[in-house]
Participant: 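Below you will find the structure I want to go over with you.
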There are 2 protein chains.
Amino acid sequence: MASQSKENYLKALFHLDQKDKAISVTELGKVMEVKKSSVTNMVKKLAESGWLKYEKYQPIRLTKKGRKAAALIIRKHRLTEMFLVTKMGFGWEEVHDIAEQMEHIDSPILFDKMDELMDSPRFDPHGSPIPSKDGTLHATHFYPLDSFKQNDIVLLKALRHSEHTFLEYLNSKELKLHEQIAIHSIEPFDKSMIVSYGKHTHVVLSATISTNLMCEKVGDI
Amino acid sequence: MASQSKENYLKALFHLDQKDKAISVTELGKVMEVKKSSVTNMVKKLAESGWLKYEKYQPIRLTKKGRKAAALIIRKHRLTEMFLVTKMGFGWEEVHDIAEQMEHIDSPILFDKMDELMDSPRFDPHGSPIPSKDGTLHATHFYPLDSFKQNDIVLLKALRHSEHTFLEYLNSKELKLHEQIAIHSIEPFDKSMIVSYGKHTHVVLSATISTNLMCEKVGDI
DNA sequence: AAAATTTGTTAGTTATAGCTAACTTATTAA
DNA sequence: TTAATAAGTTAGCTATAACTAACAAATTTT
Ligand SMILES: [Mn+2]
Ligand SMILES: [Mn+2]
Ligand SMILES: [Mn+2]
Ligand SMILES: [Mn+2]
């Protein structure tokens with residue numbers, strides 16, 4: 001495959017691509033934390049190798065080949081995260097930084113073995129879907145908690161992002177994936193919610209939190 | 001730590017250092033599979049960072065700091081190999097190439113966790129000692145099978161090298177680590193041996209093989 | 001429509017890590 | 001002890017991947 005840096009660009013491009021709006025040099029530069037000139041340079045090289053299409057001043061478009069390559073890197077990342085949590089006993093807040101490095105390891109047998117030992121998991125520890133071996137990423141249909149109504153009962157299925165501090169916060173609240181959450185009320189002023197889940201009753205969740213909790217409705221109170 | 005390339009140089013230097021003769025630019029170049037000029041260049045940089053001492057035309061000498069850093073990389077390599085074999089079900093012939101990449105992963109918690117899950121193993125799957133967390137490498141006292149005599153009974157404790165083809169050969173002979181080997185006779189002409197071990201009786205081992213099987217005497221026939 | 005701002009490109013620089021070719025120093029053989 | 005060979009260094013080149021500074025194109029505001 002490509003270099004570590006190119007692989008990280010492909011991954012970033014894949015994520016921007018999912019947001020189905022045109023991918024700009026500026027945006028890619030922000031995600032990659034490099035200057036725009038560096039992006040222009042790299043994008044030219046990636047285009048030469050057929051990972052994407054690029055014309056001066058035009059949006060960047062991933063090719064089929066580029067999308068598949070990116071999905072397979074993300075597969076390695078997410079399989080690793082799941083392996084670290086389910087087979088090695090790491091917390092979900094510890095695994096991203098390790099996976100960020102492991103995703104560049106070139107060893108089909110390593111990731112095939114992880115997949116086998118876990119019986120082909122479909123989601124990573126943060127609820128993100130794991131692309132299949134052919135590079136297909138199944139779409140999920142989860143919605144942010146703040147899009148549901150009073151008296152809805154939902155399951156927490158995924159997190160919109162998985163920053164360390166956010167995961168630590170959820171740990172402190174003992175809020176885990178697949179937990180059932182009942183929405184008692186929504187404060188109209190600041191959109192904060194009063195919810196119950198597990199052993200916790202009538203907990204307040206700010207809108208900042210609830211907007212990052214991706215859920216699925218399963219019933220009413 | 002240093003770059004991946006620098007880490008590989010340190011590892012190579014550590015191995016050459018074990019052979020307690022002066023380390024030359026030429027030799028290091030051979031091990032690293034780079035030209036001598038590339039070595040001179042890199043050695044200058046490593047010296048600047050204090051990993052080794054270097055003066056023009058003089059042998060290269062690792063510093064204490066360099067030796068410790070190298071040992072800790074080797075620790076990561078060998079812990080990984082052992083983890084892959086004992087916890088993931090890989091064969092001892094499959095793990096070196098993966099460990100060669102994993103040894104560069106910067107994550108103390110990952111390797112601490114492996115260590116913990118395996119109860120601090122002292123040897124890797126090929127019988128090489130695993131340096132301790134403080135960078136100490138315990139010396140082993142194993143000798144090649146061809147240095148023992150007729151009627152000696154020995155244990156196979158380590159391999160001198162672990163090339164894929166050699167390991168496959170041992171697999172085909174069902175010869176495993178910690179196996180008890182009885183030496184029935186030694187052919188004076190080519191130093192080949194007739195030995196028994198496990199379910200196998202009176203197997204012929206060429207000198208090429210026996211010189212790479214590191215053993216420890218445990219008795220007589 | 002002109003001005004201001006944002007977006008994107010180009011040119012030139014740096015660091016890393018390799019290479020070849022030419023040269024120098026050290027060692028070994030004649 | 002000279003000549004040949006081996007070992008090691010230097011200078012200059014390449015590729016990757018970042019950077020800054022200057023500029024050009026596109027878009028937005030006035
Ligand atoms: Mn992650
Ligand atoms: Mn990465
Ligand atoms: Mn190894
Ligand atoms: Mn390595």
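Bear in mind the structure is a predicted one, so any value in this text is a computation, not a measurement. Sequence lines set the chain letters: A, B, ... in the order given, protein chains first and strands last, and positions in each chain run from 1.
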Participant: With a 4.0 Å cut-off on heavy atoms, is A/T26 in touch with a base, just the backbone sugar-phosphate, or nothing at all?
Facilitator: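 Sugar-phosphate: the residue A/T26, judged by heavy atoms under 4.0 Å, touches backbone atoms but no base.
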Participant: According to the interplanar angle, ranging from 0 to 90°, do the rings of A/W92 and A/H126 count as parallel (below 30°), tilted (30 to 60°) or perpendicular (above 60°)?
Facilitator: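 Rings of A/W92 and A/H126: parallel, as their planes differ by under 30°.
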Participant: Between C/dT9, D/dG8, C/dA17, spot the one nearest the side chain of A/Y57, thanks.
Facilitator: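 Side chain of A/Y57 sits closest to C/dT9.
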Participant: Mapping A/Q58 and A/S3 onto DNA chain D by nearest heavy atom, which one lands closer to the 5' end?
Facilitator: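 This one resolves to A/S3.
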Participant: Heavy atoms only, 4.0 Å cut-off, all strands: where does B/S5 land among base, sugar-phosphate and nothing?
Facilitator: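 Since only primed, P, OP1 and OP2 atoms lie under 4.0 Å of B/S5, the category is sugar-phosphate.
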Participant: In whole angstroms, how far is the P atom of C/dA17 from the CG atom of B/N41?
Facilitator: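 Distance check: B/N41 CG to C/dA17 P gives 10 Å.
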Participant: Please tell me if B/K35 has a side-chain N or O lying less than 4.0 Å from either OP1 or OP2 of C/dA17.
Facilitator: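 Looking at the OP1 and OP2 atoms of C/dA17, neither is under 4.0 Å from any side-chain N or O of B/K35.
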Participant: Rounded to the Å, how far apart are A/K36 NZ and C/dT5 C1'?
Facilitator: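 Nearest whole value for this atom pair: 11 Å.
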Participant: Between C/dG18, C/dT9, D/dT9, which nucleotide gets closest to the side-chain atoms of A/V25?
Facilitator: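 Given the options C/dG18, C/dT9, D/dT9, the side chain of A/V25 is closest to C/dT9.
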Participant: Is there a salt bridge (charged side-chain N to carboxylate O under 4.0 Å, His left out) between A/R78 and A/E103? Walk through the geometry before answering.
Facilitator: CA-CA 8 Å; A/R78 294 183 178 167; A/E103 72 193 3; over 6 Å; no
Participant: Report the nucleotide, chosen from D/dT9, C/dG18, D/dA18, that has the shortest atom-to-atom distance to any side-chain atom of B/M42.
Facilitator: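 Taking heavy atoms from C-beta onward, the closest nucleotide is C/dG18.
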Participant: When you check the phosphate oxygens OP1 and OP2 of D/dA17, does a side-chain N or O of A/S38 lie under 4.0 Å from one of them?
Facilitator: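 False: A/S38 side-chain N/O out of range (4.0 Å or more) of D/dA17 OP1/OP2.
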Participant: Can you figure out which of D/dC19, D/dT10, C/dT24 approaches the side chain of A/S37 most closely?
Facilitator: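 Nearest to the side chain of A/S37 among the choices is D/dC19.
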Participant: In whole angstrom, what separates A/K21's NZ from C/dT7's P?
Facilitator: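 Computing the A/K21:NZ to C/dT7:P distance gives 11 Å.
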Participant: Can we say B/D115 and B/R75 salt-bridge, meaning some charged N sits less than 4.0 Å from an Asp/Glu carboxylate O?
Facilitator: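 Here B/D115 pairs with B/R75 in a salt bridge, since their nearest N and O are under 4.0 Å apart.
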Participant: For A/F142 and A/F123, take the angle between the two ring planes, folded into 0 to 90°, and tell me which bin it lands in: parallel under 30, tilted 30 to 60, perpendicular over 60.
Facilitator: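 A/F142 vs A/F123 ring planes: tilted.
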Participant: Among C/dT9, C/dT20, D/dG8, which is the nearest nucleotide to the side chain of B/T40?
Facilitator: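 Per side-chain heavy atoms of B/T40, the pick is D/dG8.
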Participant: Please name the pair of heavy atoms, one in B/P125 and one in B/E81, separated by the smallest distance, quoted to 0.1 Å.
Facilitator: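 Answer, listing the atom of B/P125 first, then B/E81: CG-O, 3.4 Å.
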Participant: Write down the distance between OH (B/Y9) and C1' (C/dG18), rounded to a whole number of angstrom.
Facilitator: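 The distance from OH of B/Y9 to C1' of C/dG18 comes to 8 Å, rounded to the nearest Å.
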Participant: What is the distance, to the nearest angstrom, from the NZ atom on B/K56 to the P atom on C/dT25?
Facilitator: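 Roughly 8 Å, once rounded to whole Å.
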Participant: Take the protein atom CD of B/E27 and the nucleotide atom P of D/dA6, then report the distance between them rounded to whole Å.
Facilitator: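 Atom CD in B/E27 sits about 16 Å away from atom P in D/dA6.
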Participant: If I take atom NZ in residue A/K6 and atom P in nucleotide D/dA15, what distance separates them, rounded to the nearest angstrom?
Facilitator: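 Between P of D/dA15 and NZ of A/K6: 12 Å.
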